[in-house]
Colleague: 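This structure is in structure tokens; I'll ask about it shortly.
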Amino acid sequence: MRLWSHEIWRLGLLAGAGGLIGWFFSAFGLGLAAGMGVYLYRHLRRLRALHRWLTRNPQAEPPAANGLWGELFDRLYRYQKGQRHTQERLRTTLKRIQESSEAMRDSVVMLDQHGDLEWWNGAADRMLGLRTHQDRGQHITNLVRDPRFVAYFNARDYRDPLTLPSPIDERMVLQIQITLYGDDERLLMARDITRLHRLEQMRRDFVANVSHELRTPLTVLAGYLETYADNADQLPPRLARSLAQMQGQTTRMQSLVNDLLLLSRLELEQSGDDHAPLDMSELLESVRHDAAALANGQQQISVEIDEQRPLLGSEQEIRSAVSNLAYNAVRYTPAGSQIVLRWKACGPGACIEVEDNGDGIDPEHVPRLTERFYRVDKGRSTATGGTGLGLAIVKHVLLRHDATLEIDTRPGQGALFRCVFPEGRLVSRRLNHDA
């Protein structure tokens with residue numbers, strides 16, 4: 001404020017002096033204009049010095065000046081120095097980011113809001129075949145043309161990664177994850193998981209082969225045990241009890257082998273060949289009948305149908321998933337419990353629910369329930385004859401039907417297993433039961 005006061009006083013003095021001189025020569029207006037002209041000339045000189053400084057050599061010291069112009073030059077110079085320091089820090093940070101990205105084994109690709117390539121590291125050259133000079137500005141789907149990637153990119157649902165072979169080497173398997181950031185820009189990261197993919201394939205083949213090879217000797221063993229069991233009344237009591245235990249364990253091993261073979265088939269085979277509209281009322285009633293036979297009157301099992309649209313899927317797989325949920329409810333709820341099999345609307349889609357009012361499950365176990373062989377209570381699971389693969393089968397069946405499994409349970413408050421299917425899995429028309 002003090003500088004502005006001085007500037008106003010300077011303007012007043014020059015105008016007054018010019019007017020006084022003009023008045024002395026009987027030309028007051030001309031003198032006043034001359035005083036104002038001197039003031040304007042002074043500002044034009046400072047403005048010219050500012051322009052020359054900013055256009056010719058902005059890195060140099062600002063022009064010497066006093067008053068308001070001196071303050072303005074000093075502030076501009078300090079601001080300019082701050083900007084240079086900020087730019088230098090940003091350049092250093094960006095250089096370190098680029099160097100660290102170049103050192104990464106994973107591919108990093110930056111895409112603009114249109115999906116065009118802006119920047120990528122060296123690993124992207126090796127995995128995706130990107131070329132620095134030719135491909136900048138190209139759309140990513142022009143270079144990675146796999147239909148699965150194009151659908152994944154356009155769907156804009158990047159919660160789960162995508163696995164597919166490299167566009168330049170089919171022997172290399174990549175896991176691709178896209179992240180949205182900034183103004184609808186995308187960061188694409190690709191990881192070479194060829195070794196993990198091969199190990200996983202070996203595991204699947206091993207489980208499938210071993211399970212298949214075990215089926216024949218177990219069938220033979222079960223056949224001989226059944227033959228001996230027909231004559232159990234002629235055996236000593238101790239041997240008869242041993243024979244019954246061997247039969248029970250053989251049956252359990254057969255169930256385990258069958259579940260492992262089913263899991264292997266779900267993992268290895270393509271889905272969709274046997275998909276058809278399913279009458280959920282009929283399917284759930286059939287599962288209820290089987291579960292009631294297993295319960296042997298100890299639990300009450302009912303079916304509720306609140307959704308009339310059929311489900312498009314594999315009857316064998318859906319029946320297997322619902323049966324596993326229903327049988328688990330029978331095995332792990334006390335006598336007198338109520339179990340409900342339900343088909344109802346869930347938002348735009350629909351869901352299958354299996355609900356019981358039994359003992360419930362501690363929430364700490366819920367994240368691991370769909371793992372193979374995971375048991376909440378190992379002793380109780382062994383006693384009920386479970387294989388520990390039921391919920392793993394349910395998870396794989398739902399994945400093949402674009403569905404998700406939700407579990408809501410608390411100790412002492414029962415358990416609710418919900419299989420949520422998207423709207424695209426529902427058939428709009430109702431099945432004609434009279435046909």
Side-chain angles (χ1 to χ4, degrees), residues 248 252 255-256 259-260 262-263 266 280-281 283-307 311 317-347 349-399 401 403-422:
R252 186 178 176 195
S255 298
L256 177 60
D259 284 350
L260 285 172
L262 176 58
L263 264 178
L266 292 174
M280 297 305 298
S281 175
L283 188 147
L284 292 185
E285 184 60 36
S286 175
V287 173
R288 187 205 68 78
H289 182 271
D290 295 339
L294 178 64
N296 196 23
Q298 296 188 17
Q299 289 99 350
Q300 296 180 1
I301 307 174
S302 59
V303 173
E304 296 179 1
I305 303 297
D306 300 324
E307 171 62 64
L311 173 65
E317 294 178 9
I318 295 297
R319 181 184 297 274
S320 174
V322 180
S323 296
N324 273 293
L325 293 175
Y327 296 165
N328 281 350
V330 171
R331 290 190 182 103
Y332 302 121
T333 56
S337 300
Q338 294 182 351
I339 301 171
V340 181
L341 310 182
R342 189 180 295 115
W343 172 242
K344 69 173 191 177
C346 289
C351 61
I352 300 171
E353 292 184 347
V354 178
E355 184 177 12
D356 65 72
N357 60 350
D359 297 334
I361 306 171
D362 195 305
E364 67 174 314
H365 297 290
V366 171
R368 300 191 59 190
L369 286 179
T370 56
E371 294 180 9
R372 289 178 175 87
F373 304 110
Y374 182 79
R375 301 179 187 273
V376 176
D377 186 343
K378 296 183 178 180
R380 188 178 177 189
S381 298
T382 303
T384 55
T387 63
L389 295 172
L391 289 179
I393 293 174
V394 172
K395 182 184 73 172
H396 280 81
V397 168
L398 296 183
L399 286 174
H401 288 78
T404 57
L405 177 64
E406 299 176 358
I407 304 174
D408 184 10
T409 178
R410 291 289 187 276
Q413 299 180 15
L416 172 63
F417 291 82
R418 181 183 296 114
C419 308
V420 183
F421 296 88

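Bear in mind that the values here come from a model prediction, so they are computed numbers and not experimental data.
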Colleague: Counting only N and O atoms by type, is there a donor-acceptor contact under 3.5 Å from the side chain of T370 to the main-chain atoms of A392?
Modeller: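 No.
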
Colleague: With sequence neighbours left out, what residues match Q413 under side chain to side chain donor-acceptor pair (under 3.5 Å)?
Modeller: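 Q413: no side chain to side chain donor-acceptor pair (under 3.5 Å) contacts found.
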
Colleague: Using the side-chain contact (heavy atoms from CB on, under 4.5 Å) criterion, which residues pair with S323? Sequence neighbours excluded.
Modeller: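 S323: side-chain contact (heavy atoms from CB on, under 4.5 Å) contacts with V287, R319, Y327.
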
Colleague: CG of L311 to CD1 of I318: how many Å apart, nearest 0.5 Å?
Modeller: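 Here the rounded value is 5.0 Å.
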
Colleague: Are the side chains of F417 and I352 in touch, meaning some heavy atoms are under 4.5 Å apart?
Modeller: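 They are not in contact (no side-chain heavy atoms under 4.5 Å apart), so the answer is no.
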
Colleague: Could you give the distance from OG (S302) to CG (L284), rounded to the nearest 0.5 Å?
Modeller: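 It comes to 11.0 Å.
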
Colleague: Among D356, D290, I301, find the residue that satisfies the side-chain contact (heavy atoms from CB on, under 4.5 Å) test when tested with V330.
Modeller: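 Only match with V330 under side-chain contact (heavy atoms from CB on, under 4.5 Å): I301.
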
Colleague: Testing the basics here: between S320 and I393, what is the closest heavy-atom pair and its distance to 0.1 Å?
Modeller: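 The pair with the smallest heavy-atom distance is OG-CG2, 3.7 Å.
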
Colleague: Which heavy atom of V322 sits nearest to which heavy atom of L283, and what is that distance?
Modeller: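 Taking V322 first and L283 second, the nearest heavy atoms are CG2-CD2, 4.5 Å.
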
Colleague: Using side-chain heavy atoms (C-beta onward) and a distance below 4.5 Å, is L391 in contact with N324?
Modeller: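 Not in contact.
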
Colleague: Just wondering, do C419 and V397 contact through their side chains at under 4.5 Å, heavy atoms?
Modeller: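 SC-SC contact between V397 and C419 ruled out.
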
Colleague: Atom CD1 in I361, atom OG1 in T409: separation rounded to 0.5 Å?
Modeller: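 Those atoms lie 4.5 Å apart.
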
Colleague: Would L416 and R418 satisfy side-chain contact (heavy atoms from CB on, under 4.5 Å), going step by step from the backbone distance to the final call?
Modeller: CA-CA 6 Å; L416 172 63; R418 181 183 296 114; 3.1 Å; yes

Colleague: Residues two or more places apart in sequence or in another chain: which of them pass side chain to side chain donor-acceptor pair (under 3.5 Å) with E285?
Modeller: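 Only R288 meet the side chain to side chain donor-acceptor pair (under 3.5 Å) criterion with E285.
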
Colleague: For a quick test of your reading: what N or O donor-acceptor pairs under 3.5 Å do the side chains of residues 337-346 make, sequence neighbours left out?
Modeller:
from : atom 1 : to   : atom 2 : distance (Å)
S337 : OG     : P334 : O      : 2.7
R342 : NE     : E304 : OE1    : 2.9
R342 : NH1    : E353 : OE1    : 2.5
R342 : NH1    : E355 : OE1    : 3.1
R342 : NH2    : E355 : OE1    : 3.1
W343 : NE1    : E307 : O      : 3.1
W343 : NE1    : R309 : O      : 3.3
K344 : NZ     : E353 : OE2    : 3.3

Colleague: Go through the structure and list residues passing side chain to side chain donor-acceptor pair (under 3.5 Å) with R368, not counting sequence neighbours.
Modeller: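 Checked R368 against side chain to side chain donor-acceptor pair (under 3.5 Å); matches are E371.
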
Colleague: NE2 of H396 to CG of L405: how many Å apart, nearest 0.5 Å?
Modeller: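 So the gap between those two atoms works out to 12.5 Å.
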
Colleague: Rounded to the nearest 0.5 Å, what separates atom CG in N357 from atom CD in Q299?
Modeller: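 So the gap between those two atoms works out to 9.5 Å.
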
Colleague: Please name all residues satisfying side-chain contact (heavy atoms from CB on, under 4.5 Å) with D362, sequence neighbours left out, ordered by chain then number.
Modeller: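 Expected list: E364, H365, P411.
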
Colleague: Does a side-chain heavy-atom distance below 4.5 Å link N328 with R331?
Modeller: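 Heavy-atom side-chain distance check passes, below 4.5 Å.
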
Colleague: For the residue pair F421 and A403, what are the closest heavy atoms and their distance?
Modeller: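 Closest pair (atom of F421, atom of A403, distance): CD2-CB, 3.6 Å.
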
